[in-house]
Number of protein chains: 2
Amino acid sequence: MRLPATTIARLSKYRRMLGSFNYESTHIFSHNLAKLLNLTPEQVRRDLMLIGLTGNHRKGYNIKELIDLVSKTIDSEKGHNVAIVGMGNLGMAVTAFIRRAKTRLNIVAAFDIDSGKIGKKVADVTCYHVDDISDIVRDLSISIAVLTVPPGEAIDVATLLIKSGIKGILNFTSVHIDVPPHVYLKETNIITSLEEIGFFIKEGSSK
Amino acid sequence: MRLPATTIARLSKYRRMLGSFNYESTHIFSHNLAKLLNLTPEQVRRDLMLIGLTGNHRKGYNIKELIDLVSKTIDSEKGHNVAIVGMGNLGMAVTAFIRRAKTRLNIVAAFDIDSGKIGKKVADVTCYHVDDISDIVRDLSISIAVLTVPPGEAIDVATLLIKSGIKGILNFTSVHIDVPPHVYLKETNIITSLEEIGFFIKEGSSK
DNA sequence: ATAAAGTTGTGAATAAATTAACAAATGATA
DNA sequence: TATCATTTGTTAATTTATTCACAACTTTAT
């Protein structure tokens, strides 16, 4: 199914929102869900239409059906094995995030270069040396890497990950990394985000 | 000046890329800069056009001029005072990020509820109790808050920040927060990002 | 039954962002 | 000096995403 990234991101949020909140009803209207996430009802309806969910004209969308269909649409059958690359503060924070949210993402390994961490469990994840990325990625069928290393190592580590056959990278470093077309890259640029905020609050303007 | 958020984000990246890298030349072509950041030359030229930077038809854009004009465009005169709200792993990681990047963002306070941290310097930032947000935000003229608290506290803390007159929030929590129109909100949703990656690598498809 | 109220589902319109296309400019070269 | 190769600056075209608008439907109330 061919879906825009914007829709996928929203579907993920619909599911999480409805999964966490305890609804009094079995159904929800598009405008209620929209309000919860600062979206428009049309956006919600269109997204749900795209995945083929059909609501009831008087009751709205069945929440269980919605969650199940979103899961069927965006999750992979067997989940994804994820590695945290760079087990510093940020790596540990991301680990906690993924743990807390019950997703189909399994953290199966961490990588670092600190000998104090290697071979041990850090934040409950076995930590390997970055030099062993290739072997471990293959052996543990890791498809997604979260890149949380210091800027100086970002490029080399990313290159190594790509060579090892990783399929997706979530890049938290401030360094831009280049990936071949078969690797899906998502950047989270903290400084850029803050500078964007800075610009838009400069003269009282909002989004 | 009215500029789209997409352009602001790219301008921030142009500046950082050119500021960090050591160029042999004083000038750079749009296609070179584009290549460094996986963009198209047209995007680069358009962004620079929007801020009124004019290049040389044979040498490209003067790097110093570019950096200066981007700074003049996106930075505020006196910089922004930033608070880290929630000084756990993520808060400390963000602090390190902002420190490393030389920006006009000054981290002037951290907030937490852990009595072991309050009144002390954590990661070199004075840590106050969350209950004191109102006073400190006012007294230290804090305009941007980075929200790195656990999910359960996100809404309450955000409400408090908004009441205290904060102008921008970078929300790292998985909880959706609602802000009035005069507050600029930027969300960094780790789980959603990972689920988006998961979807697009499912069947070999790329962006 | 029938009407009333309110929602979905979706083409059509609009807005936003990107890409194409190319004239004008500039410096290098012959 | 004239030509050439190349890049900028920008208008127009295209693509992508959002919003509008409304017919069709579903339940409740009369």
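Labels below follow one simple rule: chain letters A, B, ... track the order of the sequence lines, proteins then strands, and each chain is numbered from 1. Worth saying up front: this structure is predicted, and the values here are computed from it rather than measured.
- One interatomic measurement links the two molecules: CG of A:Asp47 to P of C:dG9, which rounds to 13 Å at whole-angstrom precision.
- For the pair B:Asn38 CG and C:dT18 C1', the interatomic distance rounds to 15 Å; values are reported in whole Å.
- B:Met49 places its CE atom 15 Å from the C1' atom of C:dC22, with the value rounded to the nearest Å.
- When rounded to the nearest whole Å, the span between CZ of A:Arg2 and C1' of D:dT16 equals 13 Å.
- The listed nucleotides are C:dG27, D:dT18, C:dT8; the one nearest the side chain of B:Arg58 is C:dG27.
- Among the nucleotides D:dT18, D:dT26, C:dA25, the one closest to the side chain of A:His57 is D:dT26.
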Could you give me the CA-CA distance, side-chain angles and deciding distance for B:Arg16 and A:Thr192, then say whether side-chain hydrogen bond (donor to acceptor under 3.5 Å, both in side chains) is met? CA-CA 9 Å; B:Arg16 195 128 32 82; A:Thr192 290; 2.7 Å; yes

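- A:Ser30 comes within contact range of the sugar-phosphate backbone alone, with a heavy-atom separation under 4.0 Å but no base atom that close.
- Looking at the side chain of B:Thr54, the nearest of the listed nucleotides D:dA21, D:dG9, D:dT7 is D:dG9.
- Between A:Leu39 and B:Gly60, the residue whose closest nucleotide on DNA chain D is further toward the 5' end is B:Gly60.
- Comparing B:Lys59 and A:Thr40, the nucleotide of DNA chain D nearest to each residue sits closer to the 5' end for B:Lys59.
- Residues A:Asn32 and A:Leu36 form no side-chain contact, since every pair of their non-hydrogen atoms from C-beta on lies 4.5 Å or further apart.
- Using a 4.0 Å heavy-atom distance criterion, B:Pro41 is classed as making no nucleic acid contact.
- Cation-pi check for B:Arg10 over B:Tyr14 is not met; the charged atom does not lie both under 6.0 angstrom from the ring centroid and within 45 degrees of its normal.
- Contact annotation: B:His31 side-chain N/O to D:dT7 OP1/OP2 distance is under 4.0 Å.
- If you check C:dT18, D:dT27, D:dT8 against the side chain of A:Asn56, the one that comes closest is D:dT27.
- Taking every side-chain heavy atom of B:Glu42 into account, C:dT19 is the closest of C:dT26, C:dT19, C:dT7.
- Set against D:dA17, C:dT8, C:dT18, the side chain of A:Pro4 has D:dA17 as its closest nucleotide.
- As rounded to whole Å, 11 Å separates atom P of D:dG9 from atom CG of B:Leu66.
- Atom CD1 in B:Ile51 sits about 16 Å away from atom C1' in D:dT10, given to the nearest Å.
- Atoms CZ (B:Arg46) and P (D:dT15) sit 16 Å apart, rounded to a whole Å.
- Between B:Tyr184 and A:Phe200, the two ring planes are parallel [angle under 30°; tilted spans 30° to 60°].
- Atom CZ in A:Phe29 sits roughly 16 Å away from atom P in C:dA5 (whole-Å rounding).
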List the steps and the verdict of salt bridge (charged side-chain N to carboxylate O under 4.0 Å, His left out) for A:Asp75 and A:Arg15. CA-CA 11 Å; A:Asp75 289 343; A:Arg15 173 170 62 174; 2.6 Å; yes

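- Checking the phosphate oxygens (OP1, OP2) of C:dT18, a side-chain nitrogen or oxygen of B:Arg10 falls inside 4.0 Å.
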